[in-house]
Amino acid sequence: MIDVRDPIADLTARGLVFQTTGEEALAEHLSSGSRTLYCGFDPTADSLHIGSLVPLLTLRRFQLAGHRPIALVGGATGLVGDPSFKAQERDLKSRDIIDSWVAKIRLQMGEYLDFDCGAQSALVVNNLDWTQDVDVLSFLRDVGKHFSVNNMIQRESVRQRIEREGSGISFTEFTYMILQAYDFAELANRYDCTLQIGGSDQWGNIVGGVDLSRRMYGKQVQAMTMPLVTKSDGTKFGKTESGTIWLDPGRTSPYAFYQFWLNAADTDVYSYLKFFTFLSVTDIDDLQQADNERQGRPEAQGVLAEQVTRFIHGDEGLAAARRITDSLFQGTLDKMSESDLQQLSLDGLPTTVLKRHELHDGTLTQLLADVGLAGSGKQIKDALGRQAVTVNNMTLGLEANKELAACFPAEAALCGRYYVTRVGKKKYHLFEID
RNA sequence: GGAGGGGUUCCCGAGUGGCCAAAGGGAUCAGACUGUAAAUCUGACGCGCAAGCUUCGGUGGUUCGAAUCCACCCCCCUCCA
């Protein structure tokens with residue numbers, strides 16, 4: 001008999017419980033047996049990003065506590081689009097595109113949950129499986145009848161869209177909450193799934209499912225939401241200058257991923273440790289206290305980056321991220337061997353291979369903007385004017401711009417052909433020129 | 001189908017014939033200070049090294065000159081039927 005525990009106390013200590021359908025009932029439900037729970041992930045891209053990490057990790061926490069998680073990929077709901085707290089109607093993507101995204105996200109899910117641990121083995125399901133063959137009239141009569149439009153338009157999640165001048169909501173998106181509710185009812189019926197979790201923005205959709213499960217199948221099910229992750233400075237979590245932080249290493253390298261967490265603000269980092277790692281709350285509190293008692297830079301960011309990167313990208317990904325980080329931020333460039341430099345490139349440091357004759361025309365601003373070190377040449381120009389551009393630690397000035405070849409002098413190359421180029425304090429690019 | 005209100009640079013939002021590459025805020029980038037933090041201050045912020053080039057839903061037009069005026073079209077919102 002596996003040890004079944006109620007994870008709610010731990011989740012509460014982590015600040016991960018935002019709303020529940022009733023804390024006592026939920027605690028009783030979870031401690032009295034191994035339960036099945038689910039969380040939905042809609043395919044809005046071909047990869048999950050760190051916005052999905054909290055629900056994903058929470059599923060895993062439940063699994064570790066002896067419950068069975070179902071990760072639902074929204075092959076159907078993704079076709080419709082969730083309007084919850086969205087300011088605008090979204091563009092519909094084609095079915096082919098959504099299908100391909102579903103396939104990729106399914107694979108990703110497989111990495112983060114345990115699918116081979118007996119009764120608690122995770123499941124990945126696609127709501128298209130039970131939605132695509134439902135005909136319109138059945139849906140309207142059997143499902144739609146249970147929903148009151150009066151109630152639906154009162155939902156906070158669509159309030160802005162309905163009340164705000166200049167916006168609106170299509171019937172398509174308005175129906176989303178019914179589809180999601182239907183998912184919960186189906187899962188309750190098929191898999192005896194009795195709990196749905198999700199971000200707090202999903203509350204309205206989730207309770208719709210709680211009601212529907214009762215009405216359609218007489219099943220009493222529960223709900224829990226997690227708070228949305230915020231940043232203390234008020235900017236949006238999960239974005240950097242280079243865009244969204246994806247879980248797919250092809251989109252966001254383990255190095256960039258590691259750097260993202262390493263750059264967490266002091267005021268956010270301890271709550272992030274609770275949200276995004278499996279370290280115990282007491283360990284995190286101890287770490288915080290130790291950091292407070294010491295002057296200077298806290299250790300928390302390093303721990304956070306290590307833990308999250310290892311979970312998502314494994315030991316190898318973490319090692320790669322660290323190799324780059326150590327070389328660029330701690331190391332001395334001229335001590336690096338050829339294999340070190342090659343490894344940096346393999347580890348995910350953005351690299352461009354050029355022939356020396358290609359440097360004869362063009363400008364430095366153009367080149368550095370093209371490889372992604374800045375959004376435009378203007379920004380490079382600005383950085384040049386402030387001595388913020390270096391090649392192998394030589395600072396370049398504005399006058400260097402037109403003399404592209406002179407920016408990469410053969411005698412300054414590392415191991416004959418490598419140039420570590422830096423813009424600002426944190427952005428690096430490796431040029432290999434021969 | 002009718003009446004009215006809108007669509008401005010990443011976002012919000014000013015601008016109603018030249019002084020507009022377009023106020024202000026946010027986001028973002030760079031610098032100073034630091035710890036690869038935060039806060040603060042400074043600069044940048046359509047593209048271009050520059051000359052210059054391309055923008056204000058779309059297409060045409062009026063004008064020496066249009067984001068601003070006109071025509072048609074597309075999309076959104078509100079109310080009415």
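Remember, it's a predicted structure, so these values are computed and weren't measured experimentally. For the numbers below, each heavy atom of this structure counts, side chains included, while hydrogens, waters and symmetry mates do not. Note on naming: letters A, B, ... go to the chains in the order of the sequence lines (proteins, then strands), and numbering restarts at 1 for each one.
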Output one letter per nucleotide in nucleotides 49-58 of chain B: B when a protein non-hydrogen atom lies under 4.0 Å from the base, S when only the sugar-phosphate is that close, - when neither is. BS--------

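Residues satisfying the side chain to side chain donor-acceptor pair (under 3.5 Å) criterion with Asp315(A), sequence neighbours excluded, are Arg310(A). Shown here are the side chain to side chain donor-acceptor pair (under 3.5 Å) partners of Lys426(A), two or more places apart in sequence or in another chain: Asn263(A). Scanning for salt bridge (Lys or Arg N to Asp or Glu O under 4.0 Å) contacts around Glu338(A) gives Arg417(A), with sequence neighbours left out. Shown here are the salt bridge (Lys or Arg N to Asp or Glu O under 4.0 Å) partners of Arg297(A), two or more places apart in sequence or in another chain: there are none.
Straight-line distance between the P atoms of G13(B) and G7(B): roughly 10 Å, to the nearest whole Å. For the P atoms, the distance from A39(B) to A30(B) is 15 Å, rounded to whole Å. U54(B) and A71(B) are spaced 25 Å apart, taking the C1' atom of each and rounding to whole Å. Rounded to whole Å, the C1' atom of G52(B) lies 42 Å from the corresponding atom of A38(B). Taking atom C1' in both G58(B) and C76(B), one finds a spacing of 15 Å when rounded to whole Å. When the P atom is compared between C45(B) and G25(B), the two are found 15 Å apart, to the nearest whole Å. Going from the C1' atom of G15(B) to that of C19(B) covers 13 Å, rounded to whole Å. Remark: the separation of the C1' atoms in A67(B) and A23(B) is 14 Å, to the nearest Å.
Remark: P of G48(B) and CG of Leu364(A) are 13 Å apart, rounded to the nearest angstrom. Atom pair Leu262(A):CG and A37(B):C1' shows a separation of 10 Å (rounding to whole Å applied). In this entry the distance linking NZ of Lys236(A) with C1' of C10(B) reads 14 Å, nearest Å. Summarising the geometry, the separation between CD on Gln259(A) and C1' on U36(B) is reported as 7 Å, rounded to the nearest angstrom. Distance Trp261(A) CH2 to A37(B) C1': 16 Å, rounded to the nearest Å. Between Gln379(A) atom CD and G46(B) atom P the separation is 10 Å, expressed in whole Å. Distance CG (Asp382(A)) to P (G31(B)): 9 Å, rounded to an integer number of Å. In this structure, the CZ atom of Arg294(A) is 12 Å from the C1' atom of G35(B), given to the nearest Å.
Under 3.5 Å, the side chains of Asp370(A) and Gln366(A) contain a donor-acceptor pair of N or O atoms. Between Asp340(A) and Ser337(A), the side chains place a donor N or O and an acceptor N or O closer than 3.5 Å (distance only, hydrogens not considered).
Nearest-nucleotide positions on RNA chain B place Ala383(A) closer to the 5' end than the other of Ala383(A) and Arg297(A). Annotation: of the two residues near RNA chain B, Thr325(A) and Gly424(A), the 5′-most nearest-nucleotide partner is Gly424(A).
A cation-pi arrangement is present between Arg61(A) and Phe278(A) under the rule of less than 6.0 angstrom and at most 45 degrees off the ring axis.
A salt bridge links Arg386(A) to Asp382(A): at least one charged side-chain nitrogen sits closer than 4.0 Å to a carboxylate oxygen. A salt bridge does not link Lys104(A) to Asp248(A): none of the charged nitrogens lies less than 4.0 Å from a carboxylate oxygen. One finds a salt bridge joining Glu89(A) and Arg161(A) here, because a Lys/Arg side-chain nitrogen approaches an Asp/Glu carboxylate oxygen to under 4.0 Å. Residues Arg356(A) and Asp434(A) are not paired through a salt bridge, judged by the lack of any N-O separation under 4.0 Å between the basic side chain and the carboxylate.
Put simply, NZ on Lys274(A) and CG on Asp10(A) are 11.0 Å apart, with the number rounded to the nearest 0.5 Å.
If you check every strand for non-hydrogen atoms under 4.0 Å, Gln387(A) touches nothing. The residue Glu89(A) sits apart from the nucleic acid: no heavy atom pair falls under 4.0 Å. Nucleic acid contact class of Ala374(A) (heavy atoms, under 4.0 Å, all strands): none. At the heavy-atom level, Ser232(A) lies nowhere under 4.0 Å from the strands shown.
Between the side chain of Lys427(A) and the backbone N or O of Leu373(A) there is at least one donor-acceptor pair closer than 3.5 Å.
The phosphate of A38(B) has neither OP1 nor OP2 within less than 4.0 Å of any side-chain N or O from Thr267(A). Side-chain N/O atoms of Lys427(A) include one lying less than 4.0 angstrom from OP1 or OP2 on A30(B).
The nucleotide U55(B) finds no pairing partner, because no Watson-Crick or G-U wobble arrangement with both distances shorter than 3.5 Å includes it. The base-pairing partner of U62(B), taking Watson-Crick or G-U wobble contacts with both distances under 3.5 Å, does not exist among the strands shown. Look at A44(B): its Watson-Crick or wobble partner, with both distances under 3.5 angstrom, is U28(B). When both distances must be under 3.5 Å, the Watson-Crick or G-U wobble mate of A21(B) does not exist. Partner assigned to U34(B) is none, using Watson-Crick or G-U wobble distances below 3.5 angstrom. Judged by Watson-Crick or G-U wobble contacts below 3.5 Å, the nucleotide C79(B) has G2(B) as its partner.
Side-chain atoms of Gln301(A) stay outside donor-acceptor range of the base of U36(B), with no qualifying N/O pair under 3.5 Å. Judged by atom type and distance alone, Lys425(A) reaches the base of U34(B) through a side-chain donor-acceptor pair under 3.5 Å. Within 3.5 Å, a donor on the side chain of Asp266(A) pairs with an acceptor on the base of G35(B), or the reverse.
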Could you go over nucleotides 79-81 of chain B and give all protein N or O partners under 3.5 Å, atom names and distances?
none

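Taking only side-chain atoms of Lys426(A), from C-beta outward, the nucleotide of C29(B), U36(B), G35(B) with the closest atom is U36(B). The nucleotide whose nearest atom lies closest to any side-chain atom of Ala388(A) is, among A37(B), A27(B), A30(B), A30(B).
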